[in-house]
Amino acid sequence: MATEEHSEGAGLAFHPMDQFIVKPLFGGDTVHWYTPTNVTLWMAITVLVIFLLLVVGTRGRATIPSRVQSIAELAYGFVHKMVEDVTGKDALKYFPYIMTLFMFIVFSNFLGLLPLAFTTTSHIAVTATLALAVFLSVTILGFVKNGAAFLGLFWVSSAPLALRPILAVIELISYFVRPVSHSVRLMGNMMAGHAVIKVFAGFAAVAVISPVSVLAVTAMYGLEVLVAFIQAYVFTILTCVYLRDALHPSH
Amino acid sequence: MEGDIAQLGQYIGAGLAGIGSGASAIGVGHVAGNFLSGALRNPSAAAGQTATLFIGIAFAEALGIFSFLVALLLMFAV
Amino acid sequence: MATDATEAAQGAADAAHAATEAPGMPQLDFTTFPNQVFWLVIALVVIYLILSRVALPRIAGVLADRQGSITNDIAKAEELKLKAKEAEEAYNQALADARAEAQKIIAKAKEEIQADLNDAIEKADAEIAAKSAESEKAINEIRESALESVTEVARDTTLEIVSALGHKADADAVADAVDNRLKG
């Protein structure tokens, strides 16, 4: 069911997962770690679009911004305010990293919505790398900044003494579940939406229900546009929250 | 025959896991509804709490996504 | 379903299938993981370099410039407002000055006119006095001459009356008598 070369035209044929297959770009079968694949292509497009928006769009440096420049400024202000509000002013030196994450995810999500596109953020390998990078850097940062005091994050001093060990275990587990939920949330949302659209699109082959199916695809697409942004926002804001925990573990 | 029964199990399991998506929908609805009722009582404080709203929605939704993932795994991966 | 897929893959014995042998979910095809991670890291590093070297400083600069020019403009507006206030004050001052000046000029003019008027009145008074003195003199003259005439007329009349009565009247005596009577 998952492979591409299925017998076409054999009635209803659902291949909802085919869109996620990683293929080498220039023929060949094996995917080595260096092979340029469709992952490479769409990541390159993501980088290009970010470059166009944030560098080419702002080349005028106009005081009264053009349309593209005001979008770039909007993105800048959005993430900047998020970091400042959630993490605090002292975290603004990590702003470029968080901005990198946000721009990459939001553009991967949006570009993945283009027909025939490949959604890089729908792969657990990608999102897990992102989430692990956040998890490891936040943990290391926490220990570097606070030393052993960082462990106070797990020792809830406001709880009754008898409860504290139990709470510590729970906190520890929830701390290590963070990268899992962080990555699976993004990947699951992206993959689920695209797969559902694909399933609805598969129903369009039947003439009777094809109008319903087209309507459903349209509705799902609208929802997906929303989800694409919200998931990028959520990923970024959770990164900010984790960063705040690392910088100020006392509360 | 044996494969058929295994497949049957997979499909039933996937369907059961799909219930989780609906459950998470209830959760997300609770989060959003409670936020709205709080926001209507004190609209001035609402603007500062949208980040918390989205975090709450994300946590509630993540569990639904997990169950959806389980369904997909049962359908395609096992 | 998945067994289907593997069977199909094996059955087809396609080179591609045999090579990739993708499980149902391409996300769980571990052979593609190093590739994705590798390209992801490259993409992230490139984005980070673009952002931190070019984009973010530039946007921050633009925003700071805008903030600065807004502050400048506000300060300038404040200054202009102050200037406008000063100008208004100066205008009011000038207006008051002009009014005082006008008042002065009016008072001066009034004074001059008054002086002229007084002069004229004086002159007129003097003229009138002179004229009235003259006319008094004339009147007096007329009265005197009239009196004289009256005496003459009285003498003549008396003389006539006396002669009419049949007396031979002495002109001197009649004149004396009339004069006595007139003196009363």
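In what follows, chains carry the letters A, B, and so on, assigned in the order in which the sequence lines appear, proteins first and then strands, with residues in each chain numbered from 1.
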- Task: Would you sort out whether C/T31 and A/V31 count as a side chain to side chain contact (heavy atoms under 4.5 Å, CB included), showing the intermediate values?
- Result: CA-CA 7 Å; C/T31 55; A/V31 179; 5.6 Å; no
- Is it the backbone or the side chain of A/Q19 that comes under 4.5 Å from a heavy atom of chain C, or both, or neither? neither
- Message: Under a 3.5 Å distance rule, please check whether A/R61 uses its side chain to pair with a backbone N or O of C/R58 as donor and acceptor.
- Response: no
- Heavy atoms from other residues, nucleotides or ligands near CG of C/L95 exceed 12 (cutoff 6.0 Å): yes
- Item | Considering all heavy atoms, the nearest A/F20-C/Q27 contact | CG-NE2, 3.5 Å
- Out of curiosity, A/I21 CD1 to C/T32 OG1, how far, rounded to the nearest 0.5 Å? 10.5 Å
- Query: Is there side-chain contact between C/I50 and A/V47, with heavy atoms separated by less than 4.5 Å?
  - Reply: yes
- How close do C/I59 and A/Y76 get, heavy atom to heavy atom, and via which atoms? CG2-CG, 3.6 Å
- Message: Between C/D29 and A/V22, does the side chain to side chain contact (heavy atoms under 4.5 Å, CB included) criterion hold? Intermediate values first, please.
- Response: CA-CA 9 Å; C/D29 183 1; A/V22 177; over 6 Å; no
- Tightest non-hydrogen contact, residues C/F38 and A/W33, listed as CD2-O, 3.1 Å
- For chain A, which residues from residues 61-70 of chain C lie under 4.5 Å away (heavy-atom distances)? C/V62, C/L63, C/R66, C/S69
- Message: Given 3.5 Å as the limit, does a donor-acceptor pair link the side chain of C/N35 with the main chain of A/H32, or not?
- Response: yes
- Task: State, to 0.1 Å, how close A/V126 and C/L40 come at their nearest heavy-atom pair, and which atoms those are.
- Result: O-CD2, 3.4 Å
- Item | Contact winner vs chain C - A/I124, A/T40, A/V39, heavy-atom pairs under 4.5 Å | A/T40
- Any idea which heavy atoms bring C/L44 and A/T100 closest together, and the distance? O-CG2, 3.7 Å
- Note on the structure: Okay, A/S108 and chain C: the region with an atom under 4.5 Å from a heavy atom over there is neither
- Query: Considering heavy atoms only, which positions within residues 190-201 of chain A lie below 4.5 Å of chain C?
  - Reply: A/M191
- Calculate, to the nearest 0.5 Å, the distance between atoms OG1 and CH2 belonging to A/T35 and C/W39 respectively. 8.5 Å
- Message: Could you go through C/L51 and A/L54, starting from their C-alpha distance and side-chain angles, then the distance that decides it, and tell me whether this counts as side chain to side chain contact (heavy atoms under 4.5 Å, CB included)?
- Response: CA-CA 8 Å; C/L51 288 185; A/L54 289 183; 3.0 Å; yes
- Message: Heavy-atom count check: over 12 atoms from other residues, nucleotides or ligands less than 6.0 Å from A/F229 CZ?
- Response: yes
- Item | Polar side chain donor-acceptor pair, C/Q36 to A/H123, under 3.5 angstrom | yes
- Closest heavy-atom contact between C/L56 and A/P96? CD1-CA, 3.7 Å
